[in-house]
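Below is one structure, written out as structure tokens, with a few remarks after it.
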Amino acid sequence: MKKKAEITHPEKIYWPDEHITKGELIEYYRNIAPYILPYMKNRPLSLRRQPNGIKDEGFFQKDASDSVPEWIKTFEILAESTGKMVNYHVVNDVESLLYIANLGCIEMNPWNSTINKLENPDWVVMDIDPSDKNTFDDVIDVALTIKQILDEMGIEGFCKTSGASGMHVYIPFGKKYDYDQARDFAEMLAQLVTERLPKITTLERSLSKRKKNQIYVDYLQNRIGQTLACAYSARPKPGATVSTPLEWSEVQHGLSPKDFTIKNIFDRLDKKGDLFKGVLGKGINLNKALQKLSVPAQD
DNA sequence: GTGTGGA
DNA sequence: TCCACACAACGCTCA
DNA sequence: TGAGCG
């Protein structure tokens with residue numbers, strides 16, 4: 001059985017403004033594989049496919065078709081709402097990654113948990129999702145406020161650009177808690193953020209009810225089956241941006257998510273390495289963290 | 001992006 | 001043989 | 001039950 005992704009239509013234009021081709025996307029994933037695979041390994045994958053490039057709205061795909069090659073790993077999960085089994089792709093190696101990319105999947109969206117422990121996420125994620133009236137400096141302020149709260153709890157968080165207009169802050173959970181606990185923790189964090197930044201943040205999910213210049217702090221991404229763009233995933237956005245892990249010292253006004261692209265990220269990785277490693281670490285002690293928050297330090 | 005079915 | 005066409009999500013939340 | 005949302 002040969003493990004070899006066949007690449008079709010490499011000359012097809014995916015980013016017309018930049019004249020970036022499908023072949024260049026495939027090359028990006030071939031080179032980024034050592035960095036991105038740890039965050040995709042053994043996770044069910046939601047595919048967002050845009051086989052006609054980023055100007056096309058594309059479609060989501062969860063169920064691997066019957067025609068999936070036998071060397072591609074898949075994993076069946078019951079979809080509660082339909083009662084049907086969904087056979088998810090699982091990408092554990094570079095050839096599988098290239099197979100998925102060749103389907104026109106620009107953006108990789110893995111679950112927050114792995115197939116051997118589906119109910120227990122590896123991390124909590126805070127999704128900072130600005131309106132188009134916010135500046136990226138607003139997004140930075142929200143990320144720094146989350147960082148401040150995490151500092152007060154004595155726990156470490158990891159920040160990345162989403163590659164689009166927002167940022168993601170990950171907190172390692174080490175498969176020690178379930179999705180309900182992850183969600184409750186994220187909701188509490190989001191609540192604290194809106195208390196500290198009431199002018200620019202909201203927990204209101206409905207777009208029509210949100211004030212125009214408010215950032216939605218989305219804690220509901222911490223549910224089974226929910227996905228976000230993976231660290232090091234390309235995004236179907238102008239400039240061919242990449243969701244890029246950051247040092248906290250870089251998270252300051254003036255930073256732009258457009259600075260990190262499939263063309264230039266490798267220079268950065270050569271210098272800084274994988275800043276997201278800790279996300280897969282042993283995970284926080286939830287009780288300890290919550291105690292620190294409710295009992296202010298005495299001195 | 002691919003598999004199909006009818007012209 | 002060619003091409004038009006079908007098909008490729010889920011789950012929560014709120015009204 | 002259905003529309004909205006990510």
Side-chain angles (χ1 to χ4, degrees), chain A residues 5-14 21-23 25-26 29 43-69 72 74-89 96-113 118-119 121 124-132 139 162-168 178-180 182-184 186-187 190 202-212 214-230 233 235-237 243:
Chain A
E6 189 190 350
I7 305 306
T8 53
H9 313 301
E11 297 308 318
K12 200 161 176 180
I13 301 290
Y14 271 13
T21 63
K22 179 182 178 185
L25 177 73
I26 302 283
Y29 276 118
R43 299 174 194 282
L45 194 66
S46 285
L47 278 53
R48 181 177 176 193
R49 293 177 55 189
Q50 284 155 292
N52 296 307
I54 72 163
K55 303 283 184 178
D56 194 277
E57 68 181 55
F59 55 90
F60 280 90
Q61 180 179 359
K62 294 190 173 179
D63 206 10
S65 56
D66 306 333
S67 61
V68 68
I72 295 287
T74 60
F75 188 81
E76 280 196 327
I77 298 171
L78 180 67
E80 303 283 349
S81 64
T82 59
K84 289 183 180 164
M85 297 305 288
V86 175
N87 198 28
Y88 286 85
H89 298 96
S96 301
L97 180 62
L98 299 188
Y99 169 83
I100 296 292
N102 187 62
L103 294 175
C105 185
I106 298 171
E107 178 181 306
M108 304 293 164
N109 289 275
W111 280 33
N112 301 327
S113 51
L118 274 184
E119 309 285 338
V124 164
V125 57
M126 303 298 289
D127 180 14
I128 308 169
D129 184 18
S131 77
D132 52 19
V139 174
S162 74
S165 56
M167 290 182 102
H168 301 149
D178 62 24
Y179 274 101
D180 283 341
R183 188 207 129 123
D184 288 349
E187 182 175 9
T202 178
L203 293 180
E204 177 55 60
R205 199 153 202 256
S206 162
L207 275 174
S208 55
K209 288 188 191 168
R210 248 180 249 171
K211 286 183 189 156
K212 294 297 177 223
Q214 281 190 319
I215 294 177
Y216 176 46
V217 183
D218 189 356
Y219 58 90
L220 288 173
Q221 296 293 347
N222 298 285
R223 298 185 298 203
I224 194 162
Q226 286 292 315
T227 61
L228 245 49
C230 193
S233 174
R235 299 299 305 272
K237 298 287 172 186
S243 179

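Proteins get letters first, then strands, A, B, ... in listed order; numbering begins at 1 in each.
The aromatic rings of A:His89 and A:Tyr99 lie tilted to each other, with the angle between the two planes from 30° to 60°.
Side-chain nitrogen and oxygen atoms of A:Thr8 include at least one within less than 4.0 Å of the OP1 or OP2 phosphate oxygen of B:dT2. Put simply, A:Tyr14 has a side-chain N or O that comes within less than 4.0 Å of OP1 or OP2 on B:dG1. Regarding contacts with the backbone of C:dC10, every side-chain N or O of A:Lys84 stays at 4.0 angstrom or more from both OP1 and OP2. Look at A:Arg183 and you'll find a side-chain N or O under 4.0 angstrom from OP1 or OP2 of C:dT13. One finds no side-chain N or O of A:Arg48 lying less than 4.0 angstrom from the OP1 or OP2 phosphate oxygen of C:dC10.
By the 4.5 Å heavy-atom criterion applied to side chains, A:Thr227 and A:Phe60 are not counted as neighbours.
Judged by closest nucleotide on DNA chain C, A:Lys62 is the one of A:Lys209 and A:Lys62 placed further toward the 5' end.
Between the side chain of A:Arg210 and the backbone N or O of A:Glu204 there is at least one donor-acceptor pair closer than 3.5 Å. Between the A:Arg48 side chain and the A:Asn109 main chain, no donor and acceptor come within less than 3.5 Å of each other.
In the set C:dG11, C:dA9, B:dG1, C:dA9 carries the atom at the smallest distance from any side-chain atom of A:Asp63. Candidate nucleotides C:dT13, C:dG11, D:dG6 were compared by shortest atom distance to the side chain of A:Leu220, and C:dT13 ranks first. The side chain of A:Gln61 lies closest to C:dA8, out of C:dA8, C:dT13, B:dG1. The nucleotide whose nearest atom lies closest to any side-chain atom of A:Tyr216 is, among C:dG11, D:dG6, B:dG1, D:dG6. Listed nucleotides C:dC12, C:dA9, D:dG6 differ in distance to A:Phe60; the shortest reach to its side chain belongs to C:dA9. Closest approach to the A:His9 side chain among D:dG6, C:dG11, B:dG1 is made by B:dG1 (side chain taken as heavy atoms from C-beta onward). Here the side chain of A:Arg49 is nearest to one of C:dC10, B:dG1, C:dC12, namely B:dG1.
Comparing the P positions of C:dA8 and D:dC5 gives an interatomic distance of 24 Å, to the nearest angstrom. One C1' atom belongs to C:dC7, the other to D:dG6, and the distance between them is 23 Å to the nearest Å.
For the side chain to side chain contact (heavy atoms under 4.5 Å, CB included) test with A:Glu107, the passing option among A:Ser46, A:Ser243, A:Cys230, A:Pro236 is A:Pro236; the others fail.
With a cut-off of 3.5 Å on both Watson-Crick or G-U wobble distances, the partner of C:dA8 is given as none.
The distance from atom CG of A:Asn52 to atom C1' of C:dA8 is 13 Å, rounded to the nearest whole Å.
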